Amino acid sequence: AVTANGKGGNGIAVTWGRNHTVNIANGASVKALGDGGVALRFDFGHNDIGDDVPSTEVVGSYIYYKNYRHTDYDKIFPASKLLTSLDGPLVKECNINGAIEGSAAAIYISKNPLVKEININEGASIKGNIISEWNPKGMWFSESNPVFLENRLPANEDGLTNININQTMSFSDNIIGSESLVLNVANGKNFSSGQDSISPYALRTVSTASTDSSPIVDVYRINVNTGATYNNSANLSVRDTTAPSSSTDGAITIDGGHFNNSGNLIVGNGQGTISVTNNGTFTQSEAGSLTTTIDGSGNSTKIALANNGTASLNGTLNIVPQKDFYGSQQTINLLADGSTGSYSMNNNLNINILPTEGMTITHTVDGNGNIIINRERHFDTYGQSAAQKALGQILNDNLDYLGNLPEHGADWQKLFTELDAADGAGKASALKQMNPSIMHSSAQANLNTHSMLNNLNMLGSFSNNI
């Protein structure tokens, strides 16, 4: 047993070299229960007197830079040759069969080491957060000298950390590693995250922006393999936004396994892909919610089905429009083109579309999973005179026509994008700046809109993000 219960204690720390193997044997334990305690720490560290002092070496997995102070500025130079001891992951394999527990983190990976594989095997017990600050692309040098140092990853190294769940288990703490952590649930195993009995460790770091006290799972990718089950009750974000190269290559890939969502889920920052294939299933319960962003082209989270994949949505679907041009009617569908399988949306699915000031938004759903969104503008209500109100009504009535003009439609789309994004005061200010007679002729497509917008100096002058 390893016990490091003092303040800032580290049970086991790996701080230099490459290709290490760490084994926590069955029956062994590593605990760091004092304030700031970390059971397993992977960290090359940094210069205690400052990372930006003259001749500092900055080191890590595939990282070797030297800093030379000049008379008027500091500049970071990559060292001429990567040290052999840094040419590889700090840890190639961490096998956990015993118990680890840390008050700040059970596992902590700092911004400078790559830990390639973490195997959570039969008999393992993990209490405390799992945190990775590693980014395969590189790291920021220091707060006082904000230079991004790129890693020298070889072409065959993706720089990701695989957390391989090789036993059936529940986990009630946070898992945070949006740039690099990949959760893999092994064949036939069950993994449950964010259970009702939330750990006190998770409560210490749960985001204040969360809508509840559920743990946060914020990772790069999730793979659920044949016969495996992932049960989510956490606030789950899966950040991989890479366009899938196949139906089995999503931010969440369910290849013959089962994913049950009873928590709050967002994939690829709202534009990612859930891939379900080979008799796999994605099921969202009445307690679950899926959040997707959309843009004017209808891009959204996608569910890709292949080889008898099945997906069913219950609970809540949150739709968050991004700043863009939207016509008066738009159709979106979460089912990816070319999908083959079974997809259903419960008749009682609660669809919430983030409201936009000065706009009435309604929606209907057809039998093919299409969500038809209708938008009615009320620009006229922001007019401060009869002429301005009339101008606003012209904009209301001619939005689709103006936005699709062959010659100046793009300029009108920019104008309507800014108007939609503006708050009430911004909309009123815009109407006040426009000349109603000019706008009327614009509605007849007889005006060079681009010139008008430049003269009014309106684009970007009153916008707020939706």
Side-chain angles (χ1 to χ4, degrees), residues 21-28 40 42 89 91-100 106-107 109 114-132 158-177 180-195 215 217-234 236 238-240 244 246-263 265 267 273-283 306-311:
T21 298
V22 177
N23 294 313
I24 310 298
N26 193 284
L40 301 181
F42 306 105
V91 173
K92 66 177 181 180
E93 193 172 68
C94 175
N95 301 303
I96 303 173
N97 295 77
I100 62 173
I107 300 172
I109 303 170
L114 170 59
V115 177
K116 192 60 188 172
E117 306 285 336
I118 299 174
N119 295 310
I120 302 175
N121 300 321
E122 293 290 347
S125 171
I126 301 178
K127 295 181 180 179
N129 301 314
I130 298 173
I131 299 172
S132 175
D158 60 15
L160 300 175
T161 298
N162 290 296
I163 299 180
N164 303 311
I165 301 165
N166 300 322
Q167 68 166 349
T168 293
M169 63 179 291
S170 297
F171 189 74
S172 299
D173 297 305
N174 301 312
I175 305 175
I176 300 174
S180 60
L181 291 186
V182 179
L183 298 183
N184 301 304
V185 187
N187 293 0
K189 304 303 180 182
N190 296 343
F191 178 68
S192 300
S193 64
Q195 301 308 290
V217 178
D218 189 359
V219 296
Y220 184 73
R221 188 180 295 158
I222 293 176
N223 298 308
V224 185
N225 295 304
T226 303
T229 300
Y230 190 116
N231 297 307
N232 176 59
S233 298
L236 173 59
V238 187
R239 300 301 184 98
D240 185 6
S246 70
S247 62
T248 60
D249 183 28
I252 298 177
T253 297
I254 307 161
D255 186 2
H258 311 282
F259 191 105
N260 301 314
N261 181 42
S262 296
L265 174 62
V267 182
T273 301
I274 302 170
S275 299
V276 190
T277 189
N278 294 327
N279 298 302
T281 63
F282 173 83
T283 304
N307 298 329
N308 297 315
T310 300

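Quantities reported herein were computed from a predicted structural model and do not represent experimental measurements.
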Notebook entry, point to check: Checking side-chain contact (heavy atoms from CB on, under 4.5 Å) for the pair L265/F282: CA distance, chi angles, key distance, verdict?
Noted result: CA-CA 12 Å; L265 174 62; F282 173 83; 3.9 Å; yes

Next item on the list: For side chain to side chain donor-acceptor pair (under 3.5 Å), just list the numbers for N95 and E93, CA-CA rounded to whole Å, side-chain angles, deciding distance to a tenth of an Å, and then say yes or no.
Entry: CA-CA 6 Å; N95 301 303; E93 193 172 68; 3.2 Å; yes

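Of all the heavy atoms in I176 and L181, the pair that sits closest is O-CD1, 3.7 Å. Here the shortest heavy-atom pairing between T277 and D255 reads CG2-OD1, 3.5 Å. Nearest heavy atoms, L160 versus K116: O-NZ, 3.4 Å. Across A251 and V238, no two heavy atoms sit closer than the pair O-CG1, 3.4 Å. What you find for T229 and V224 is that their closest heavy atoms are N-CG1, 4.2 Å. When every heavy atom of S180 is checked against every heavy atom of Y220, the shortest pair comes out as N-CB, 3.9 Å.
For the side-chain contact (heavy atoms from CB on, under 4.5 Å) with I96, the lone residue among I118, N26, I163, N119 that qualifies is I118. Looking at S193, S262, S192 one by one, the single match for side-chain contact (heavy atoms from CB on, under 4.5 Å) with N232 turns out to be S193.
Classified by interplanar angle (parallel below 30°, tilted 30° to 60°, perpendicular above 60°), the ring pair Y230/F259 is parallel.
Here the straight-line distance linking atom CD1 of I120 with atom SG of C94 works out to 9.0 Å at 0.5 Å rounding. Atoms CG and CZ, on N162 and R221 in that order, are 9.0 Å from each other to the nearest 0.5 Å. Rounding to the nearest 0.5 angstrom, the gap separating the OG1 atom in T161 from the CG atom in L114 is 5.5 Å. Taking CG of L183 as the reference point, atom CD1 of I165 lies at 5.0 Å (rounded to 0.5 Å). Of the inter-residue distances, the one linking T283 atom OG1 with N231 atom CG reads 10.0 Å to the nearest 0.5 angstrom.
At a threshold of 4.5 Å between non-hydrogen side-chain atoms, the residues I254 and I274 count as touching. Between F191 and I222 the shortest side-chain heavy-atom distance does not fall below 4.5 Å. You'll find the side chain of I24 reaches within 4.5 Å of the side chain of L40, heavy atoms only. Residues N225 and V185 form no side-chain contact, since every pair of their non-hydrogen atoms from C-beta on lies 4.5 Å or further apart. In this structure the side chain of P215 reaches within 4.5 angstrom of the side chain of N174, judged on heavy atoms. Under the 4.5 Å side-chain criterion, counting only non-hydrogen atoms from C-beta, V219 is in contact with I175.
Residues D218 and R239 are paired through a salt bridge, judged by an N-O separation under 4.0 Å between the basic side chain and the carboxylate.
With no hydrogens or angles considered, a side-chain donor-acceptor pair links N166 and N121 at under 3.5 Å.
Between the Q167 side chain and the G123 main chain, a donor and an acceptor come within less than 3.5 Å of each other.
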